[in-house]
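One structure below.
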Number of protein chains: 2
Amino acid sequence: MKPATETVPLRDDAQDDRSQLIREALYNAIVERRLAPGTKLIETEVGELFDVSRTVVRAALQMLAFEGLVKIERNRGAFIAYPSPDEARQIFESRRVIEPEIAMRATERMAMADIDMFRSHLREEERLLAERGPNARRAAIKASGDFHLMLAAVAGNQILERFMRELIARSSLVIALYGQSGASSCARSEHADILGALIARDGKKAASTILHHIDHIEEDLDYRAAGNAPLRQALRL
Amino acid sequence: MKPATETVPLRDDAQDDRSQLIREALYNAIVERRLAPGTKLIETEVGELFDVSRTVVRAALQMLAFEGLVKIERNRGAFIAYPSPDEARQIFESRRVIEPEIAMRATERMAMADIDMFRSHLREEERLLAERGPNARRAAIKASGDFHLMLAAVAGNQILERFMRELIARSSLVIALYGQSGASSCARSEHADILGALIARDGKKAASTILHHIDHIEEDLDYRAAGNAPLRQALRL
DNA sequence: CTCGGTGAAATTGTATGCAATTTATATTTC
DNA sequence: GAAATATAAATTGCATACAATTTCACCGAG
């Protein structure tokens, strides 16, 4: 049970350590699909888990709520977000807007060290994909998302990087809800194709490749399959 | 002293009324340049102003910090953000990524009612621009930003809309810091040009027009003019 | 057995208290 | 008078207390 991928830090400017720490833990749990959409997050429970008071848990939950990963319902508490099909479409539309541009900029700014990083990351992705077991599966999902985040990091715009972080996490929730074959996380070797375009310094190609990649991910979704929606979410109450 | 423009609601899903209310009030104050970059926001002071405890003020400040409008320094408090030139560049780069796409989508989705809305908004903008006095000036600045937000609203993607809200507010801070002629807020009649492209259902044209518009806004900035930086920010401590 | 209601337990929203830290003021020293 | 230091005030970070609300379990009526 190794950490699989070097965790990309959530934010460089760590303001308040502890709530930030909780936020990152919950963020990772969401991306790795340990926390299913709709799951209730009880403040005292989380607090005991991290040995802090509700105050700091609250701060973490509010941050997550702000980026759409958690839904806070007044007097009812915080729940892992349960994206509707419409939200899901908006998430992928947003990605189609941002990611090609990120790919272009990453192509320009990429250094040699970045290439190595991408290459070793891709190897890791393939290794995890080959492995069996739920843990490897989770790690693979996370690694798949991390690839996109690494791209954003190389692009060198911290604002877009933060937007992407939100979109990746929300995508993870969407795939958990509406994903079909699970192939959505793999998407064959498209990441390698993207890296190829990057190395060739072909920004246009990188942009179009990643655009198709996003299309493929979304094509694997079935928005009708609202699955076992907690009903309250299904009726949008 | 009329409200000038119908205030675009900050968020549809009002979670906790009171901190949300404070957030919106501070947001508006930032966009209208009533609150200068670097201004300290003392929790008890804000609390007394809104007649709430520090707890709920804190929540509001943390939200604003999360979207980059406020900087919270541990044990020192919350300050209106003081964007560095580098941050400023990233803000405008992000806008160049998102806004043309928003314009394209708005072109497709725009209805008759929207056209009327835009037209009356433009009239209002020009009226405010013609008026004298600091209040009219503030209202004009706000209205100028609202135009972009209306565009985002028409585009029909709430996620991108939220991103834009953040970027508009942060742009306002940047312009307050590095703006030269003040013409940055006006940018002549470029909003009208954008609307023209929209009405003509020419998405490409709308996209390129808004792109140039953003360029013009940024051209009017002078990043050297770090102005009277609070020194602590100037030295980035 | 299901439906509706009642009370207890759990949970959240907010205010407040206290320690830790920072900021401002006063005082000393040179 | 300026710099350095000590002291007091202001402010934040966090935990906790308490009221308001929701959730749950139980029970009785139909």
Side-chain angles (χ1 to χ4, degrees), chain A residues 10-11 13-26 35-36 38-66 69-82 229-237, chain B residues 10-11 13-26 35-36 38-66 69-82 229-237:
Chain A
L10 257 191
R11 239 175 174 291
D13 78 75
Q15 39 156 326
D16 43 309
D17 302 282
R18 298 204 283 171
S19 57
Q20 205 64 25
L21 208 75
I22 293 173
R23 183 170 96 86
E24 288 183 29
L26 291 175
L35 281 171
T39 306
K40 174 155 197 197
L41 300 169
I42 294 167
E43 295 176 356
T44 54
E45 243 174 62
V46 180
E48 281 169 24
L49 221 53
F50 288 89
D51 201 52
V52 293
S53 79
R54 291 202 298 126
T55 307
V56 8
V57 175
R58 218 132 208 293
L61 293 178
Q62 282 163 346
M63 283 192 267
L64 290 163
F66 197 77
L69 298 180
V70 155
K71 176 117 186 277
I72 294 179
E73 294 176 44
R74 177 156 248 267
N75 285 323
R76 292 205 58 240
F79 305 82
I80 302 294
Y82 201 101
L231 194 53
R232 183 184 278 267
Q233 269 85 358
L235 299 174
R236 214 149 311 291
L237 283 179
Chain B
L10 254 193
R11 240 180 174 285
D13 78 76
Q15 37 160 326
D16 42 309
D17 303 280
R18 299 205 281 172
S19 57
Q20 205 63 29
L21 208 75
I22 293 173
R23 184 170 95 85
E24 289 183 29
L26 291 175
L35 281 171
T39 306
K40 175 156 196 196
L41 300 169
I42 293 167
E43 296 177 356
T44 54
E45 242 173 66
V46 180
E48 280 168 24
L49 221 54
F50 288 89
D51 200 51
V52 293
S53 78
R54 291 201 298 128
T55 307
V56 8
V57 175
R58 220 138 206 288
L61 292 178
Q62 281 164 344
M63 284 191 268
L64 289 164
F66 197 77
L69 299 181
V70 156
K71 177 116 186 279
I72 294 179
E73 293 175 45
R74 179 156 248 269
N75 284 326
R76 293 206 55 241
F79 305 82
I80 302 294
Y82 201 100
L231 194 54
R232 183 185 280 266
Q233 268 87 0
L235 299 174
R236 214 152 307 293
L237 285 181

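To find a chain, count down the sequence lines: A is the first, B the second, and so on, and within it residues start at 1. Not measured: the values here are computed from a predicted model.
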Please round to the nearest 0.5 Å and tell me the distance separating atom [atom1] of [X] and atom [atom2] of [Y].
| X | Y | atom1 | atom2 | value |
| --- | --- | --- | --- | --- |
| B:Ile80 | B:Leu26 | CD1 | CG | 6.5 Å |
| B:Glu43 | B:Leu41 | CD | CG | 9.5 Å |
| A:Phe66 | B:Leu64 | CZ | CG | 7.5 Å |

Give the rounded distance in Å between these two atoms: [atom1] of [X] and [atom2] of [N].
| X | N | atom1 | atom2 | result |
| --- | --- | --- | --- | --- |
| B:Leu61 | D:dC14 | CG | C1' | 16 Å |
| A:Asp51 | D:dC14 | CG | P | 13 Å |
| B:Ile72 | C:dT21 | CD1 | C1' | 16 Å |
| A:Gln62 | D:dC14 | CD | P | 14 Å |
| A:Ile22 | D:dA15 | CD1 | C1' | 13 Å |
| A:Glu48 | D:dA15 | CD | C1' | 14 Å |

**Message:** Go nucleotide by nucleotide along DNA chain D from the 5' end; which of B:Lys40 and A:Arg18 gets its closest nucleotide reached first?
**Reply:**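 On the 5' side of the pair lies B:Lys40.
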
Taking all non-hydrogen atoms of both residues, which atom of [X] and which atom of [Y] are closest, and how far apart?
| X | Y | answer |
| --- | --- | --- |
| A:Gly38 | A:Tyr82 | N-CD1, 3.9 Å |
| A:Arg54 | A:Thr44 | CD-CG2, 3.6 Å |
| B:Asp17 | A:Arg74 | OD2-NE, 3.8 Å |
| B:Leu61 | B:Val70 | O-CG1, 4.2 Å |

**Asked** What nucleotide among D:dT22, C:dT12, D:dA15 has an atom nearest to a side-chain atom of A:Glu43?
**Response**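 Taking heavy atoms from C-beta onward, the closest nucleotide is C:dT12.
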
Would you tabulate the nitrogen or oxygen pairs shorter than 3.5 Å linking the protein to nucleotides 16-21 of chain D?
unit_1, atom_1, unit_2, atom_2, d
D:dA17, N6, A:Arg54, NH2, 3.3

**Partner set under side-chain contact (heavy atoms from CB on, under 4.5 Å) for A:Ser19, not counting sequence neighbours** =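 For A:Ser19, the residues satisfying side-chain contact (heavy atoms from CB on, under 4.5 Å) (neighbours in sequence not counted) are A:Asp16, A:Val56, A:Ala59, A:Ala60, A:Met63.
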
**Asked** How would you label the contact of A:Leu41 with the nucleic acid (heavy atoms, under 4.0 Å): base, sugar-phosphate, or nothing?
**Response**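 Sugar-phosphate, no base atom in range.
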
**Prompt:** Would you call A:Phe79 and A:Glu73 a side-chain contact if the rule is heavy atoms closer than 4.5 Å?
**Reply:**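 Yes, at least one pair of side-chain atoms sits under 4.5 Å.
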
Which atom pairs link the protein and nucleotides 8-10 of chain C when you take only N or O atoms and keep those under 3.5 Å?
none

